[in-house]
Each structure stands twice: as C-alpha cells, then as structure tokens.
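Computation of the quantities below employed the complete heavy-atom set of this structure, encompassing side-chain atoms and omitting hydrogens, waters and symmetry-equivalent molecules. Not measured: the values here are computed from a predicted model.
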Amino acid sequence: MQRITRDDVARRAGTSTAVVSYVLNDGPRPVAKATRARVLAAIEELGYRPNLVARALRSTRSNTIGLVVPDSSEAFFAELVHAVERAAFAADSLVLLGNSGYSRAQEARYARTLASMQVGGVLLVRSEVGEPHTHPADLGVPVVYLNYRAPRGVDAPSVTLANRHGGRSAAEHLLEHGYRRIGCLTGTSRSGPVADRARGWADAMRAADRDASAVRRTGLDRPAAREEVKAWLRQKDRPDAVFAAADGLALDVLAAAQELGLRVPEDLAVVGFGATAPAAYSWPPLTTIGRSFDDFAQAAVTALQTVREKGSRQADQVLAVSLIPRRSCGCP
C-alpha cells in the first residue's frame with residue numbers, strides 16, 4: 001500500500017505543502033480558517049499520518065528524548081523505561097531507547113548515535129561505575145544521569161534515589177523485628193546505587209552494635225547467584241534475615257530458601273530494594289524499599305527539559321524512598 005505523503009494532502013486540499021506543514025505544526029505562519037479546514041479534511045480522507053520521528057530529526061529543537069539503560073528486560077529498568085515513556089508522552093515527547101548491555105563502550109555508542117539524531121536530550125542510566133567512554137559535553141545535547149550520579153569531573157545533573165538511607169531503613173526495620181543475624185546480599189561493584197544501599201545497611205548495623213561483615217556479593221548471572229545464596233544459607237551460622245540490595249536479588253533469596261525448605265519469614269526474613277511489580281506477587285509478598293517509578297521518571301524528564309530550556313547546570317536531585325512492608329519480613 002502506497003504511503004500517503006504531505007504532497008498528497010496538499011494536492012487534495014488545493015494548497016502548498018508549506019501550508020500543510022503550518023497546519024500540522026500550528027505555525028510558524030497563520031493559516032486561514034477555511035484553508036485549515038480543507039487541509040484537516042484532506043488529512044482525514046487520505047488517512048495521512050505524519051512521520052513524527054523524521055520530523056523530530058529535522059527539528060533543531062527536537063521533542064525526542066534518548067534513553068539508555070543497561071537492560072530493559074530486567075524488572076527495575078523495564079518499569080523505569082515505561083515510566084519515562086509516560087512522562088515524556090505527557091510532555092509531548094517521544095522516547096528512543098537503547099540497551100547498553102552493561103557495556104560502557106556500547107553505552108557511549110548509543111549516546112553518540114542518539115545525539116547525532118538531534119534528540120532534545122539524553123537520559124543516561126550508566127552501565128557501570130568508572131570513567132565514561134564519552135563525555136556529555138562532547139554530545140552537544142543536554143544529558144541527565146538517571147539512577148547513577150554523574151561520573152567525577154562530569155558537569156551534568158543527576159536524578160537518583162536515596163539509596164544509602166533506604167538501605168539503612170531496611171536494616172533498621174529488620175532490627176526492630178528482633179532479628180539478630182542480619183546479612184546483606186549485594187552486587188560486585190564497590191560503588192553505585194546498589195553499593196550505596198549496602199553501605200546504608202552497614203551504617204544501621206554498626207549503629208546497633210551488630211556485625212556488619214555478613215556481606216555476600218554476587219554478579220549478574222542469576223542461576224549462579226542463586227547457587228551462591230543457597231551455599232550461604234546452608235551454613236550453620238546462616239543469617240536469620242537478609243537485606244538484598246535489589247529486588248531481583250531478594251527474589252533469588254526467596255527461591256533459594258524454598259529449595260532448601262526454609263520458611264519465610266519464620267526461618268528467614270527478607271527485604272529487597274526497588275519496589276518493582278514482581279515483589280508484590282512473590283510468595284510471600286516481598287517487603288521492599290523504593291519510590292514510585294512515575295515520580296522518578298517525571299523528575300528526570302523535567303530535569304532534562306529544564307536543562308534544555310535554561311541551558312544551565314541544574315542541581316542534583318535525590319528522591320526520598322520509603323518502606324513497603326509485606327509478609328517476607330514478618331509484617332502481617
């Protein structure tokens with residue numbers, strides 16, 4: 001089926017293609033009421049649909065947002081992507097998505113490619129902590145870091161969660177339940193949001209004069225992580241409660257406990273971080289720490305718009321998080 005073009009609309013309406021553009025873009029020049037009506041009628045009759053991406057790419061003030069995440073199939077990032085899409089759509093913007101696969105080189109390539117497409121800005125969820133493979137100043141478009149703070153020496157704003165505070169809150173909640181051997185399951189990186197949550201757990205343990213050394217680190221391989229957790233829980237001095245610094249890790253703890261015949265929370269209490277949808281539907285439902293993904297995304301999209309419109313450095317934002325109590329920690 002032949003694609004209907006703007007030229008087709010102009011011929012049907014008896015106008016120029018420029019006039020059709022003025023109607024579609026509501027300017028920059030006024031169009032007579034009768035002429036506008038003819039153009040709109042032609043659009044309806046022909047079923048014309050403007051190529052929004054092409055129009056955005058031709059614009060020097062694009063309403064397209066680039067978003068780069070490590071892995072949109074992972075629950076936390078999947079929900080964040082959808083929330084950014086909702087916030088962008090409400091702001092009359094489109095989102096172009098790239099998955100870096102936890103590769104800094106791939107992350108940089110996506111960022112450069114999106115910038116070359118003249119997007120209005122890039123929301124960048126870093127693949128890993130360390131020196132970036134590309135500097136935001138080299139991209140020529142506004143950049144806002146999401147979930148991670150900007151790398152050292154990079155003058156770009158960030159929107160993050162209060163990760164350290166959240167980790168401390170999780171540990172304090174388990175302490176209030178009376179658990180004594182509270183372990184922490186975290187990632188292999190010593191910096192970044194997950195590491196900050198583990199630091200918050202350690203802060204609470206030291207403040208309560210408890211052992212803050214019961215930390216287990218695991219990588220991204222989920223089957224391997226589950227086996228590591230099972231080995232941990234088989235030990236005689238195993239924890240009676242675990243703070244997992246990401247909901248995905250917490251779900252691995254629940255699965256490992258079930259395989260070992262441990263009851264949750266009677267034999268092992270579990271608290272996660274992320275407030276993802278799967279946490280509410282695990283068994284038992286997972287207590288978690290987090291913030292509405294819509295709030296998170298709205299703050300990021302607004303920050304990007306502000307940088308673009310004002311052209312100045314904005315302050316970093318740290319969004320508060322809260323405990324969502326469910327049965328996995330022993331709450332009714």
Do [X] and [Y] sit in one hydrophobic cluster, given that two such residues count as connected whenever their side-chain heavy atoms are within less than 4.5 Å of each other, even indirectly?
X: L323; Y: F296; value: yes
X: L262; Y: F243; value: no
X: V194; Y: V242; value: no
X: L249; Y: F76; value: no
X: L268; Y: L174; value: no

Validation: residues 324-332 side-chain donor-acceptor distances under 3.5 Å, sequence neighbours left out:
{"residue": "R326", "atom": "NH1", "partner": "L286", "partner atom": "O", "Å": "2.7"}
{"residue": "S328", "atom": "OG", "partner": "V270", "partner atom": "O", "Å": "2.6"}
{"residue": "S328", "atom": "OG", "partner": "T287", "partner atom": "N", "Å": "2.8"}

Under a 4.0 Å threshold between the charged nitrogen and the carboxylate oxygen, would [Y] count as salt-bridged to [X]?
X: R104; Y: E107; result: no
X: D196; Y: R149; result: yes
X: R86; Y: D294; result: yes

- Candidate list R168, H165, R164, test side-chain hydrogen bond (donor to acceptor under 3.5 Å, both in side chains), partner D203, passing option: R164

With distance as the sole test, does [X] use its side chain to make a donor-acceptor pair with the main-chain N or O of [Y] at under 3.5 Å?
X: D8; Y: T5; answer: yes
X: E79; Y: A277; answer: yes
X: R126; Y: Y148; answer: no
X: S158; Y: T160; answer: no

- Stepwise, does the side chain to side chain contact (heavy atoms under 4.5 Å, CB included) test hold for I182 with M205? CA-CA 8 Å; I182 303 173; M205 297 298 286; 3.9 Å; yes

Side-chain heavy atoms of [X] within contact of [Y], under 4.5 Å:
X: F89; Y: V95; value: no
X: R222; Y: D252; value: yes
X: L80; Y: L146; value: yes
X: L97; Y: S72; value: yes
X: Y145; Y: P157; value: no
X: V264; Y: L254; value: yes
X: P193; Y: L161; value: no
X: L124; Y: Y110; value: no

If you take all heavy atoms of [X] and [Y], which pair is closest and at what distance?
X: T186; Y: V215; result: CG2-CG1, 3.8 Å
X: L233; Y: A256; result: CD1-CB, 4.3 Å
X: D71; Y: Y102; result: CB-CE1, 3.8 Å
X: L319; Y: A299; result: CD1-CB, 4.2 Å
X: A250; Y: G272; result: CB-CA, 3.8 Å
X: A170; Y: V271; result: CB-CG1, 3.8 Å

- Message: Please determine whether side chain to side chain contact (heavy atoms under 4.5 Å, CB included) holds for the pair V31 and V39, giving the CA-CA distance in whole Å, both sets of side-chain angles, and the decisive distance to 0.1 Å.
- Response: CA-CA 10 Å; V31 177; V39 170; 5.8 Å; no

- Hey, can you tell me if Y179 and H177 have their rings parallel, tilted or perpendicular (30° and 60° cut-offs)? tilted

- Task: Give a yes/no verdict on a cation-pi contact between R197 and F273, requiring under 6.0 Å between NZ or CZ and the six-membered ring centre and an angle within 45° of the axis.
- Result: yes

Is it the case that over 12 heavy atoms from other parts of the model lie below 6.0 angstrom from the [atom1] atom of [X]?
X: E259; atom1: CD; answer: yes
X: R181; atom1: CZ; answer: yes
X: E44; atom1: CD; answer: no
X: D209; atom1: CG; answer: no

- In sequence, state the C-alpha distance, the side-chain angles, and the governing distance for L175 and R210, and then conclude on side chain to side chain contact (heavy atoms under 4.5 Å, CB included). CA-CA 10 Å; L175 288 166; R210 299 291 180 85; 3.3 Å; yes

- Task: Take T218 and E228 through the test side-chain hydrogen bond (donor to acceptor under 3.5 Å, both in side chains) and record every step on the way to the result.
- Result: CA-CA 7 Å; T218 185; E228 290 178 26; 3.3 Å; yes

- Knowing that exactly one of N99, L123, V69 qualifies, which makes a side-chain contact (heavy atoms from CB on, under 4.5 Å) with V81?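 Testing V81 for a side-chain contact (heavy atoms from CB on, under 4.5 Å) against N99, L123, V69 leaves exactly one candidate, V69.
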
- Note on the structure: With T288 as partner, the option from D247, V321, T276 fulfilling side-chain contact (heavy atoms from CB on, under 4.5 Å) is D247

- side chain to side chain donor-acceptor pair (under 3.5 Å) partners of S21, counting only residues at least two apart: R6

When rounded to the nearest 0.5 angstrom, what distance separates [atom1] in [X] from [atom2] in [Y]?
X: Y48; Y: D7; atom1: OH; atom2: CG; value: 9.0 Å
X: L67; Y: L94; atom1: CG; atom2: CG; value: 13.0 Å
X: E309; Y: L304; atom1: CD; atom2: CG; value: 10.0 Å
X: W201; Y: R206; atom1: CH2; atom2: CZ; value: 8.5 Å

- Query: Residues two or more places apart in sequence or in another chain: which of them pass salt bridge (Lys or Arg N to Asp or Glu O under 4.0 Å) with R38?
  - Reply: none

- Message: Evaluate V9 against L46 for side chain to side chain contact (heavy atoms under 4.5 Å, CB included), listing each step before the verdict.
- Response: CA-CA 7 Å; V9 174; L46 296 174; 4.1 Å; yes

